[in-house]
*Asks:* 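The structure under discussion is supplied below as structure tokens; questions concerning it will follow.
Chain identifiers are assigned alphabetically (A, B, ...) following the order of the sequence lines, protein sequences preceding nucleic acid strands; residue numbering begins at 1 within each chain. What you see is a predicted model; the values in this text were computed from it and never measured.
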There are 2 protein chains.
Amino acid sequence: MSNRAPRTPSHQVREEVIRAAIEILDTNGPDGFTVRAVADVAGVASMAIYNHFEGMNGLLDALWKEGFDGFASALGTTTGNARSDLMSAGLNYRRYALSHRGLYTVMFLHTFKHFKASAEGDYAAAKAFQVLENLVRNGQREKLIRAGNSIDLAQLVWSTCHGFVALELKGENFSTNTDENYDALLLMLFEGLRA
Amino acid sequence: MSNRAPRTPSHQVREEVIRAAIEILDTNGPDGFTVRAVADVAGVASMAIYNHFEGMNGLLDALWKEGFDGFASALGTTTGNARSDLMSAGLNYRRYALSHRGLYTVMFLHTFKHFKASAEGDYAAAKAFQVLENLVRNGQREKLIRAGNSIDLAQLVWSTCHGFVALELKGENFSTNTDENYDALLLMLFEGLRA
DNA sequence: CTTCCAATAGAACACTGTCCTATAGTTATA
DNA sequence: TATAACTATAGGACAGTGTTCTATTGGAAG
């Protein structure tokens, strides 16, 4: 007879590992995020992380890519109205970050040991940024945002949203009514960038 | 005869350790930041970090406090003119962060394993935030900033500056002329918050 | 039914934070 | 000055890290 743990079908291992990794990061942050812990939660042998990814680094890169792809989707829900698209992008930025703490941690909040995003990872990040830049350009076309380098302006939007969310997730938020204050941040942003 | 390393005088050990810790964080970030590495760079036995601090956590807490104290000083250079005080606080925010990468990393950018700031650490952070809040209040008194909860408004200022700096230090800056774009960020901020 | 891929268990390595012990340099006190 | 108290040092130990290697065996394809 066999004492072995039941074998996870090959085609499920990868997604199980990613699901477990996100679960750990969502719940505990980077602290308990180890190869062995991820494998345990996934119900999979540690070696799976080396066979299906390239170790911890490869797993992080997969999370990075998944994170930025989802981020681009969350920001890019266009309705045609430039103003509401910009506003909802701002709101969705925070919404995505709060509902995907783990992925946002990998993308923006934590420096994982030895981790460096791959070329595809950088590309995914650049594509997410491009979504934002397009929104800015649409806003400029509609005279909602002032003229100027759209990359620079998009960077300002990104910085502003990220700063708020980063401090909120780190617990460095001294504001009491955080939701309303984020609305105020977005209004401030559009007021400060208007044509 | 003795093969031992020369002994560091007691009253110098603490500052040597802190100096070494900052040096490592400034140069390599959190990656090579280990008890043994800090001790080596400081020219001190590893045990010093346990005798003079409470291990790695205590060292991080000391850096946290030093960082926020310096931060408060950097932001709080008041000249009497509310407008220029606000503007220079914004500029000094980034200047401090860039010239104290290591401390800024401890304060805002990295989640160190098991680290939780002490009560005194939190107090130092709150005091630094208060400096910002006072600047906002002065701005409100001078009708440079709109009425409203000064804590919430200060949080917006902090978020905005932090977001830009965090992305810049993380290398997620797509803008070309970063210095000018930060100036634009501050102008956007004051435009968006004006009375 | 046989073959072959891959998921498993388990050991091993260097490196991490942490703690313990023993030694010896430094300082303070008698 | 001589003794005592303090503390910086060396070095080992432990449980966890990421990583790699081996051997076994479940399960799917032929």
Side-chain angles (χ1 to χ4, degrees), chain A residues 1-21 24-25 28-64 106 110-118, chain B residues 1-21 24-25 28-64 106 110-118:
Chain A
M1 75 182 174
S2 163
N3 287 331
R4 300 223 159 191
R7 235 177 122 131
T8 305
S10 299
H11 62 278
Q12 286 181 13
V13 173
R14 186 183 171 89
E15 57 189 87
E16 278 302 305
V17 168
I18 289 185
R19 188 196 52 72
I24 293 179
L25 286 172
N28 296 105
D31 254 29
F33 186 71
T34 70
V35 170
R36 290 167 176 89
V38 171
D40 280 355
V41 172
V44 137
S46 311
M47 279 308 298
I49 281 124
Y50 293 88
N51 295 332
H52 287 264
F53 306 87
E54 290 178 4
M56 188 51 116
N57 241 291
L59 174 54
L60 286 169
D61 201 56
L63 295 175
W64 172 283
V106 173
H110 191 77
T111 315
F112 287 86
K113 218 175 183 178
H114 303 142
F115 174 63
K116 176 79 181 59
S118 65
Chain B
M1 73 178 170
S2 163
N3 286 331
R4 300 223 158 190
R7 221 177 136 134
T8 305
S10 300
H11 58 92
Q12 286 182 12
V13 173
R14 187 182 171 90
E15 58 188 88
E16 278 302 306
V17 168
I18 288 184
R19 189 196 52 72
I24 292 178
L25 286 171
N28 296 105
D31 254 29
F33 187 71
T34 70
V35 170
R36 291 167 175 87
V38 170
D40 281 354
V41 171
V44 137
S46 311
M47 278 309 297
I49 281 124
Y50 294 87
N51 296 332
H52 287 263
F53 306 86
E54 289 179 4
M56 188 51 115
N57 241 291
L59 174 55
L60 286 168
D61 201 56
L63 295 175
W64 173 283
V106 173
H110 191 76
T111 314
F112 287 87
K113 218 177 185 177
H114 302 141
F115 174 63
K116 175 77 181 60
S118 65

*Asks:* Looking at residues at least two apart in the chain, or sitting in another chain, which of them share a salt bridge (charged side-chain N to carboxylate O under 4.0 Å, His left out) with B:Lys116?
*Replies:* B:Asp122
*Asks:* Scan residues 47-64 of chain B against DNA chain D and write down, sorted by residue number, each residue with any heavy atom closer than 4.0 Å; if none is found, say none.
*Replies:* B:Met47, B:Asn51, B:His52
*Asks:* Should A:Thr8 be listed as having a side-chain N or O under 4.0 Å from OP1 or OP2 of D:dG26?
*Replies:* no
*Asks:* Does anything in residues 8-18 of chain B pair up under salt bridge (Lys or Arg N to Asp or Glu O under 4.0 Å), and if so which pairs, sequence neighbours excluded?
*Replies:* B:Glu16-B:Arg19
*Asks:* Run the side-chain hydrogen bond (donor to acceptor under 3.5 Å, both in side chains) test against A:Asp61 and tell me which residues pass, sequence neighbours left out.
*Replies:* A:Ser118
*Asks:* Can you tell me how far NZ of B:Lys113 sits from CE of B:Met56, rounded to the nearest 0.5 angstrom?
*Replies:* 10.5 Å
*Asks:* Closest heavy-atom contact between B:Gly32 and B:Ile24?
*Replies:* O-CG2, 4.0 Å
*Asks:* Under 4.0 Å, counting only non-hydrogen atoms across every strand here, what does A:Phe33 touch: a base, just sugar-phosphate, or nothing?
*Replies:* sugar-phosphate
*Asks:* Ignoring hydrogens, what is the shortest heavy-atom contact between A:Phe112 and A:Leu25? Give both atom names and the distance.
*Replies:* CZ-CD2, 4.1 Å
*Asks:* What is the distance from CG of A:Asp31 to C1' of D:dG16, rounded to the nearest Å?
*Replies:* 13 Å
*Asks:* Can you give each donor-acceptor pair under 3.5 Å made by side-chain atoms of residues 39-55 of chain A, sequence neighbours left out, with the distance rounded to 0.1 Å?
*Replies:*
{"unit_1": "A:Asn51", "atom_1": "ND2", "unit_2": "A:Met47", "atom_2": "O", "d": "3.3"}

*Asks:* Return the residues of residues 36-46 of chain B meeting this criterion: a heavy atom under 4.0 Å from some atom of DNA chain C. Order them by number, or give none.
*Replies:* B:Arg36
*Asks:* Just the rounded figure in Å: distance from P of D:dT19 to NE2 of A:His114.
*Replies:* 9 Å
*Asks:* B:Gln12 has an atom CD; how far is it from atom C1' of C:dT27, in whole Å?
*Replies:* 15 Å
*Asks:* For A:Phe112, report the nucleic acid contact type (base, sugar-phosphate, nothing); a contact means any heavy atom under 4.0 Å.
*Replies:* nothing
*Asks:* Applying side chain to side chain contact (heavy atoms under 4.5 Å, CB included) to B:His110 and B:Phe115, what does each step give before you reach the verdict?
*Replies:* CA-CA 10 Å; B:His110 191 76; B:Phe115 174 63; over 6 Å; no
*Asks:* Could you tell me the separation between the NE2 atom of B:His11 and the C1' atom of D:dC6, rounded to a whole number of Å?
*Replies:* 14 Å
